[in-house]
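Everything on this sheet refers to the single structure shown next.
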Amino acid sequence: MSENPGLSPSAVQASREIRAVISRLRRRILNASQAEDITLGQASVLARLSGEGGVTASELASAEGVRHQSMTATVTSLAAMGLVERSPDPADGRRLLITLTAEGHRRVEEGRQARTEWLAGRLQDRCTEQERQAVIAAMAVLQRLTRD
């Protein structure tokens, strides 16, 4: 793949480094909160449901980029663990809406807390105050890149 000649070398280098670091950091953060009894895919579904009022398996499949059949299997296993429940859609009784149970909400919050503690611990143990402030400043720059 050829690079755009209009891009500065520093923009290309920054792009490569950001993508590599974010990819590794994402894996490490997810592993820090990974419960022994659920997969990363199941954890992703739980996290997605935490911000939703109730969605169908088809909507979840589309959002997660998997086949409907795969999502149905994931939801079935999460329901068997008592983490999600399915109920008829009040607007259309033919559809089932999937929501988190109280235990599902607890598990999502535990995972978030574990990820926060892991990353904060790493920042505390491995970085100086000046480096942490540099990270905060860099996040403001990256945040600007995500705004449309």
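Hydrogens, waters and symmetry mates are skipped; everything else that's a heavy atom, side chains included, is used. Everything numeric in this text was worked out from a predicted model, so none of it was measured. Along the sequence shown, the residues carry numbers beginning at 1.
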Q: Please name the pair of heavy atoms, one in Arg112 and one in Ser50, separated by the smallest distance, quoted to 0.1 Å.
A: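 Scanning both residues completely, I find the closest heavy atoms to be NH2-OG, 2.7 Å.
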Q) After noting the C-alpha distance and the side-chain angles of Gln124 and Arg132, does the key distance pass the side chain to side chain contact (heavy atoms under 4.5 Å, CB included) rule? A) CA-CA 8 Å; Gln124 180 70 36; Arg132 289 190 295 272; 4.3 Å; yes
Q) Under 6.0 Å from the CD atom of Gln130, do we count more than 12 heavy atoms belonging to anything else shown? A) no
Using modelled atom types only, decide if a donor and an acceptor are shared between the side chain of [X] and the backbone of [Y] within a distance under 3.5 Å.
X	Y	result
Ser15	Ala11	no
Gln42	Thr39	yes
Arg122	Trp118	no

Q: Would you mind listing the cluster partners of Leu40? Hydrophobic ones only (ILVMFWY), side-chain contacts under 4.5 Å, chaining allowed.
A: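 Its cluster partners, ordered by chain and number, are Leu30.
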Q) Which other residues end up in the same hydrophobic cluster as Val75, if Ile, Leu, Val, Met, Phe, Trp and Tyr are linked when side-chain heavy atoms come under 4.5 Å apart? A)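 Listed partners: Ile38, Val45, Leu46, Leu49, Val55, Leu60, Val66, Met71, Leu78, Met81, Leu83, Val84, Ile98, Leu100, Val108.
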Q) Just by distance, with hydrogens left out, do Thr56 and Ser58 show a side-chain donor and acceptor under 3.5 Å apart? A)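 Distance-only check fails for Thr56 and Ser58.
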Q) Just by distance, with hydrogens left out, do Ser23 and Arg27 show a side-chain donor and acceptor under 3.5 Å apart? A)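 Yes, a side-chain donor-acceptor pair sits under 3.5 Å.
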Does some side-chain heavy atom of [Y] sit less than 4.5 Å from a side-chain heavy atom of [X]?
X	Y	result
Leu25	Leu119	yes
Arg95	Arg86	no
Pro90	Leu97	yes
Glu52	Glu59	no
Pro88	Arg94	no

**Q.** Arg106/Glu109 ion pair, N-O < 4.0 Å
**A.** no
Q. Got a sec, which residues hit side-chain hydrogen bond (donor to acceptor under 3.5 Å, both in side chains) with Glu17, two or more places apart in sequence or on another chain?
A. Gln13
(Q) Would a single hydrophobic cluster contain both Leu145 and Met139, if residues Ile, Leu, Val, Met, Phe, Trp and Tyr are joined by side-chain heavy-atom contacts under 4.5 Å? (A)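 Result: yes, single cluster for both.
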(Q) Could you see if Leu123 belongs to whatever hydrophobic cluster contains Ile136? Use Ile, Leu, Val, Met, Phe, Trp, Tyr and a side-chain cutoff under 4.5 Å. (A)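 Leu123 does not cluster with Ile136.
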(Q) For the CD atom of Glu85 and the OG1 atom of Thr101, what is their distance to the nearest 0.5 Å? (A) 6.5 Å
Q: Tell me, with the steps shown, if Glu117 and Gln113 meet side chain to side chain donor-acceptor pair (under 3.5 Å).
A: CA-CA 6 Å; Glu117 288 175 6; Gln113 185 66 28; 2.7 Å; yes
